[in-house]
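Working notes, structure below.
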Amino acid sequence: MLIRNVFYFNYQYKFRDVAVEELQKVHRIYPEIKPVADTYTFSDGTQTDLIKLIGNIPVKYEGRSYNLPILLWLLYSFPFTPPICLLWPTPSMVIREGKHVDVKGRIYLPGLSNWDYPKSSVVGLLAEMISKFEEEPPLSTKPTEYNKDPNELLAFVSKLKINEGGVKHHNQPIKKVTVIGGGDLGMASVMSILAKGTVDKLVFIDVTESSTKGGTMDLDIFSLPKVEVSKDLSSSADSRVIVVTANSWNEEQSYASVVQTNVDMYRCIIPVLARLSPKAVLLIASQPVDIMTHVAWRQSGLPPTQVIGAGCNLDSERLSHVLDIRLNTHKQAWVIGELSDNKVPVLSNILMPRANRQQPEIAPRSKFTKPLLDRAFVMLKGHSQRSWSVGLSIADISHSILVDQNKAHSVSTLAQGWGGISAEVFLSIPCILGASGSTRLAGVSLGEEEEAKLKESITSLCALLAQLRI
């Protein structure tokens, strides 16, 4: 009766009867999980009244049973859209960021990415959650000054090694990068990453499903240091960065059919790569990059902070160079939006990173910035994105991740909630990149012309996504 009352007092839910039926199934198996009406705040600050499920799920780990508190927000189109799933830790608990949980407690599972009601259900989702959390517990007890084991300190010290460079862990992970896909872009990425000098090991895999091939034989012949050539995806295990340049084009006439072949190829490789390297950052360079980055995120089950696309990084670095060298404006700039004619330039509010250690922010639009950026954009016309230049851009992004540089790059990332964007799309947005992935810079208000370009891109991306079988 409680379930039905909660739904029927909220008339914005479109499918109340099937939603009630779905939650009754949950109640029969997990009676301690209760529905409650509450106010949900989206990442852009807007609020709405939603129904949430709150309670505990039983998880066993190393022979002990634990009750993990969770929270599921049900959107108005539930159960045809998946719930927003979060951990709900008590004050004595701390979130452990991992493959299925981000630092804020947001839960990411294949069952959420591939939600397809009525095949998908909350009961099935909770079962998957329990299974994944038994493999990798997402919560731990917060340590206090009184319960720290002195033996932990001794164990920590025993794993340290003193050398001339300072203190290093014996078990410090190597800087391993895997490049998936041959051809000009794959080879350009390999050479550019090696030239940066920060990688300890580079694995080059030319997948059979890809139509962009070549380079493996030459790398085998000349045996470059630190490079392993393979045809087995298992060689990518424990990578820090995985670059995907592979494309699988067919002879279909429609654009959607051509992109679908790439999506089908990704379905064979992305879940495997994510399973073998759950802490890696996936860096997508397949085309169309915004769509394929979205596809990779959905298929991998990884948090969006770990799945990025090369996007507008090359254009952004070129724009910053023009502003710095030719126009004597020593501020970083980025190109945001879709990798198309609808790209929008924005300026940082501080000096270039080499002259200033502050974290940059996007400067608000002004009468000064628009003509300056427009002039710089004109200077960039005619500079195409060739394989070698994109390879250099990929190496630049990989370097920032490998050395935990915390540099701002304009990369394709989940844009939902940024600058008022409500759609689930991937666009290039300035992000701070480091060892754990990407963190978006705060959004700002853009001019009418720029807003119109972003909206047009979002509409076209959503239209194409609707035609794909991800």
Side-chain angles (χ1 to χ4, degrees), residues 159 161 163-208 210 212-246 269-270 272-286 296 306-310 313-314 317 386-407 409 411 433-438:
K159 293 178 182 178
K161 176 175 148 184
N163 60 16
E164 292 180 0
V167 180
K168 289 188 177 179
H169 286 279
H170 275 301
N171 299 325
Q172 187 175 19
I174 64 169
K175 296 184 179 73
K176 178 179 177 180
V177 176
T178 296
V179 176
I180 307 289
D184 291 343
L185 180 55
M187 286 294 291
S189 300
V190 168
M191 296 304 181
S192 298
I193 292 169
L194 286 174
K196 279 286 188 180
T198 52
V199 67
D200 296 320
K201 181 177 182 180
L202 193 150
V203 178
F204 181 51
I205 302 176
D206 197 354
V207 292
T208 56
S210 174
T212 48
K213 293 181 177 297
T216 51
M217 184 179 72
D218 294 335
L219 285 175
D220 263 338
I221 292 171
F222 293 104
S223 302
L224 291 181
K226 302 181 180 180
V227 176
E228 174 189 342
V229 180
S230 176
K231 293 183 179 180
D232 188 352
L233 291 178
S234 64
S235 301
S236 68
D238 300 320
S239 293
R240 298 274 296 278
V241 180
I242 299 177
V243 179
V244 185
T245 67
I269 63 174
I270 294 297
V272 179
L273 295 172
R275 186 174 70 250
L276 292 169
S277 302
K279 295 183 179 180
V281 176
L282 296 185
L283 173 51
I284 306 301
S286 306
Q306 285 180 240
V307 184
I308 59 175
N313 183 66
L314 175 58
E317 294 299 321
R386 300 184 182 276
S387 295
W388 59 266
S389 54
V390 178
L392 289 169
S393 174
I394 287 170
D396 180 47
I397 296 170
S398 301
H399 176 79
S400 289
I401 297 167
L402 290 174
V403 303
D404 198 21
Q405 191 172 18
N406 292 317
K407 176 186 172 183
H409 296 261
V411 291
L433 296 187
S436 59
S438 63

Do the side chain of [X] and the main chain of [Y] share a donor and acceptor less than 3.5 angstrom apart?
{"X": "Ser438", "Y": "Leu433", "result": "no"}
{"X": "Asn313", "Y": "His409", "result": "no"}
{"X": "Thr245", "Y": "Gly181", "result": "yes"}
{"X": "Asp404", "Y": "Ala435", "result": "yes"}

For [X] and [Y], which heavy atoms make the closest approach, and how far apart are they?
{"X": "Ser235", "Y": "Ile205", "result": "CB-CD1, 4.4 Å"}
{"X": "Ser192", "Y": "Trp388", "result": "OG-O, 4.4 Å"}
{"X": "Asp206", "Y": "Gly182", "result": "OD1-N, 3.2 Å"}
{"X": "Pro225", "Y": "Leu194", "result": "O-CD2, 4.1 Å"}
{"X": "Val199", "Y": "Lys201", "result": "CG2-O, 3.1 Å"}
{"X": "Ser387", "Y": "Ala188", "result": "O-CB, 3.4 Å"}

Might you work through the side chain to side chain contact (heavy atoms under 4.5 Å, CB included) test for Val241 and Ile193, ending with a clear yes or no?
CA-CA 11 Å; Val241 180; Ile193 292 169; over 6 Å; no

Between [atom1] on residue [X] and [atom2] on residue [Y], distance to nearest 0.5 Å:
{"X": "Ile284", "Y": "Ile180", "atom1": "CD1", "atom2": "CD1", "value": "10.0 Å"}
{"X": "Lys175", "Y": "Thr198", "atom1": "NZ", "atom2": "OG1", "value": "7.5 Å"}
{"X": "Leu402", "Y": "Lys196", "atom1": "CG", "atom2": "NZ", "value": "11.0 Å"}
{"X": "Leu224", "Y": "Leu202", "atom1": "CG", "atom2": "CG", "value": "9.5 Å"}
{"X": "Ile174", "Y": "Lys226", "atom1": "CD1", "atom2": "NZ", "value": "10.5 Å"}
{"X": "Ile242", "Y": "Ser398", "atom1": "CD1", "atom2": "OG", "value": "11.0 Å"}

Is there side-chain contact between [X] and [Y], with at least one heavy-atom pair below 4.5 Å?
{"X": "Ser389", "Y": "Leu314", "value": "yes"}
{"X": "Ile308", "Y": "Ile397", "value": "yes"}
{"X": "Val207", "Y": "Leu233", "value": "yes"}

Enumerate donor-acceptor pairs with a distance under 3.5 Å from any side-chain N or O in residues 274-282 to protein atoms, sequence neighbours excluded.
unit_1 : atom_1 : unit_2 : atom_2 : d
Ser277 : OG     : Ser236 : O      : 3.0
Ser277 : OG     : Asp238 : N      : 3.0
Ser277 : OG     : Ser239 : N      : 3.0

Pair Ser230-Asp232, side-chain donor/acceptor within less than 3.5 Å:
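No.
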
